[in-house]
*Asks:* 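My questions all concern the structure below.
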2 protein chains.
Amino acid sequence: MKKKVLLVDDEPDILELIGYNLQMEGYEVHTALNGQAGIDLAREVNPDLIILDVMMPEMDGMEVCSIIRADDNLKDTTIAFLTARNEDYSQVAGLEAGGDDYIAKPVKPKVLMSRVKALLRRSNRTESKPHQNERFGVSIDRKRFSVIYNGQELTLPKKEFELLNLLWSEPGRVFTRENILSEVWGNDVVVGDRTIDVHIRKLRSKLGEDLFVTVKGVGYKFGS
Amino acid sequence: MKKKVLLVDDEPDILELIGYNLQMEGYEVHTALNGQAGIDLAREVNPDLIILDVMMPEMDGMEVCSIIRADDNLKDTTIAFLTARNEDYSQVAGLEAGGDDYIAKPVKPKVLMSRVKALLRRSNRTESKPHQNERFGVSIDRKRFSVIYNGQELTLPKKEFELLNLLWSEPGRVFTRENILSEVWGNDVVVGDRTIDVHIRKLRSKLGEDLFVTVKGVGYKFGS
DNA sequence: ATCTGGGTAAACACAATATGAAGAAATCGT
DNA sequence: ACGATTTCTTCATATTGTGTTTACCCAGAT
């Protein structure tokens, strides 16, 4: 699967330059022009790496970082700061706010790419993270691709994991089949109607029959 | 609350220019550089207005518009198209695809702002009364397909939910049986006279007998 | 008394899921 | 590159909950 990188910078030129380079390297790139949009986008796409400009109007990079770190679903995301050289106070403050790296700009594309690669490699390693976010007896660690159910860690196949992940992300919310298809399978893929049911059944047999509630004519929900 | 505007354009300069002006006017601005990102962002932030560039690589504005119009949660969002002057075919196609306005670029900020204001004023009247307010002890979250009654979240069957949703949307207004049929069942479906009663009965037994008032010879209303 | 419009419980029909099995399609190990 | 294994999808059939109808009730108006 393509690694997802989120770029947040108020300067469109930077977005374009860096974004282009990342795309050339095969990353899936998302961009936002301000902090809030960045956070929203991060929640939406759950990127593997977020590159944050420190200096932005309204909400600066530090603040964005803090919010990301406070979000259960994103707290493990790797964050790199991007800022003008010689603002060395930034370095300290940035790492303190929970950043994983600090990149001075202007930066040569080659250099940036190797930094990005290194960061992603690092995040790829199973960084030990107990990750105590339990909902209805199930906790998920997206980065490790693992599910803990009743203290047992189990590894689900990709589709099952992603389906569980989706439903689990908002317990009690009913996801329509359409929702599920577009989130788990993607908008363009066409699969039969019964496919979702089958995956639900797998999850039910592995995690408990009544954790997944059918809402006829609408979809499924996780929990209560 | 700040009005939310989503800008979708593949040209970062345009995003910046328009975005900046909108922000100065006090709008909450979100931007996306391509159609898919725009749709994702729209689903995330549920904007009041979406400004769509017609010409974009991969997915053009028309297509984005169609997808938005097909999304239950977004279908009522106001959409304005933005495109180069003299592509007059666009105007027709755009409005046909469900656009609410059409803006030729280049456009002077002043002009754009007044258009935006006008559009939002218009949308303000009709709907955009989204989330989470309680009416007579009942609140509805359409996105989650859930109803909260006395603090209890419950999931109703589809038809019951839609019926409640309709009546609840305008408490005190009497909906005729015809109203109800066309909104909940659709104009072409033919059902017997007692069908609506039965669903009202179900709702009454689940949410309280006196929340739904019968108006003999006319229809039903929700609340006082 | 009769008529009109709605209330209600129970029966019914059917589309929507559940489910087992089997056929594709990836993925893995060698 | 190959078969072995796992995962994903489709298919056929059983099952179920929802939506609808039915049948009969009641109340108020005529």
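In this text the structure is predicted, and so the values were computed from the model without any measurement. Below, chains carry the letters A, B, ... as their sequence lines are ordered, and counting in each starts from 1.
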*Asks:* Between A:Y149 and A:L207 (side chain of the first, backbone of the second, donor and acceptor by atom type, cut-off under 3.5 Å), is there such a pair?
*Replies:* yes

*Asks:* Please check the phosphate of D:dT20 (OP1 and OP2 only) for any side-chain N or O of B:H199 closer than 4.0 Å.
*Replies:*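 Looking at the OP1 and OP2 atoms of D:dT20, one of them is under 4.0 Å from a side-chain N or O of B:H199.
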
*Asks:* Whole angstroms only, please: what is the CD1-P distance between A:I200 and C:dA18?
*Replies:* 8 Å

*Asks:* Taking B:T176's backbone N and O only, do any of them form a donor-acceptor pair with B:N179's side chain (distance below 3.5 Å, no angle check)?
*Replies:* yes

*Asks:* Given C:dG6, is OP1 or OP2 found less than 4.0 Å from the side-chain N or O atoms of B:R201?
*Replies:*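 Looking at the OP1 and OP2 atoms of C:dG6, neither is under 4.0 Å from any side-chain N or O of B:R201.
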
*Asks:* Would you indicate, yes or no, if D:dC8 has its OP1 or OP2 atom less than 4.0 angstrom from a side-chain nitrogen or oxygen of A:T195?
*Replies:* no

*Asks:* For a quick test of reading the model: is some side-chain N or O of B:W185 closer than 4.0 Å to OP1 or OP2 of D:dG19?
*Replies:*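 No.
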
*Asks:* Give each protein N/O atom lying under 3.5 Å from an N/O atom of nucleotides 11-17 of chain C, with the pair distance.
*Replies:*
{"residue": "C:dA16", "atom": "O3'", "partner": "A:G217", "partner atom": "N", "Å": "3.0"}
{"residue": "C:dA16", "atom": "N3", "partner": "A:K216", "partner atom": "NZ", "Å": "3.3"}
{"residue": "C:dT17", "atom": "OP1", "partner": "A:G217", "partner atom": "N", "Å": "2.7"}
{"residue": "C:dT17", "atom": "OP2", "partner": "A:R177", "partner atom": "NE", "Å": "3.3"}
{"residue": "C:dT17", "atom": "OP2", "partner": "A:R177", "partner atom": "NH2", "Å": "3.4"}

*Asks:* Does A:E170 come within less than 4.0 Å of A:K221, counting only side-chain N to carboxylate O?
*Replies:* no

*Asks:* To the nearest Å, give me how far apart CG (B:L203) and C1' (D:dG19) are.
*Replies:*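 It works out to 13 Å between those atoms.
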
*Asks:* Measure CG/B:D210 against P/C:dG7 and give the value in whole Å, please.
*Replies:*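 These atoms are roughly 14 Å apart.
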
*Asks:* Under the ring-ring contact (aromatic ring centres under 6.0 Å, His included) criterion, do A:F175 and A:Y220 qualify, and how do the steps go?
*Replies:* CA-CA 6 Å; A:F175 290 83; A:Y220 297 93; over 10 Å; no

*Asks:* Just by modelled atom types, is the A:V218 backbone N or O under 3.5 Å from a matching donor or acceptor in the A:R177 side chain?
*Replies:*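 Such a contact is absent between A:R177 side chain and A:V218 backbone.
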
*Asks:* In whole angstroms, how far is the C1' atom of C:dT27 from the CG atom of A:L156?
*Replies:* 17 Å

*Asks:* Round to the nearest Å and state the distance from B:K159 atom NZ to D:dT21 atom C1'.
*Replies:*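 Distance check: B:K159 NZ to D:dT21 C1' gives 15 Å.
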
*Asks:* At what angle, to 10 degrees, do the two end axes of the helix from C:dA1-D:dT30 to C:dT30-D:dA1 meet, given five pairs define each axis?
*Replies:* 30°

*Asks:* Within the distance-only criterion (no hydrogens, no angle test), does the side chain of A:N34 pair as donor or acceptor with the backbone N or O of A:A37 below 3.5 angstrom?
*Replies:*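 Yes: the side chain of A:N34 pairs with the backbone of A:A37.
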
*Asks:* Rounded to the Å, how far apart are B:K202 NZ and C:dG6 C1'?
*Replies:* 17 Å

*Asks:* I'd like to know if the side chain of B:R204 reaches the main chain of B:L211, judged simply by a donor and an acceptor atom lying under 3.5 Å from each other, with no hydrogens or angles considered.
*Replies:*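 Not confirmed, B:R204 side chain does not pair with B:L211 backbone.
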
*Asks:* Between atom CD1 in B:I196 and atom P in C:dG7, what is the gap in whole Å?
*Replies:* 11 Å

*Asks:* Could you check how far CZ of B:F161 sits from C1' of D:dG17, rounded to whole Å?
*Replies:*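 Going from CZ in B:F161 over to C1' in D:dG17 covers 18 Å.
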
*Asks:* Can you see which heavy atom on A:C65 is nearest to which on A:F81, and at what distance?
*Replies:*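 The pair with the smallest heavy-atom distance is CB-CZ, 3.6 Å.
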
*Asks:* Should B:R201 and B:E209 be marked as a salt bridge (Lys or Arg N to Asp or Glu O under 4.0 Å) after you check the CA-CA gap, both sets of side-chain angles, and the distance that decides it?
*Replies:* CA-CA 8 Å; B:R201 169 95 270 285; B:E209 293 295 330; 2.9 Å; yes

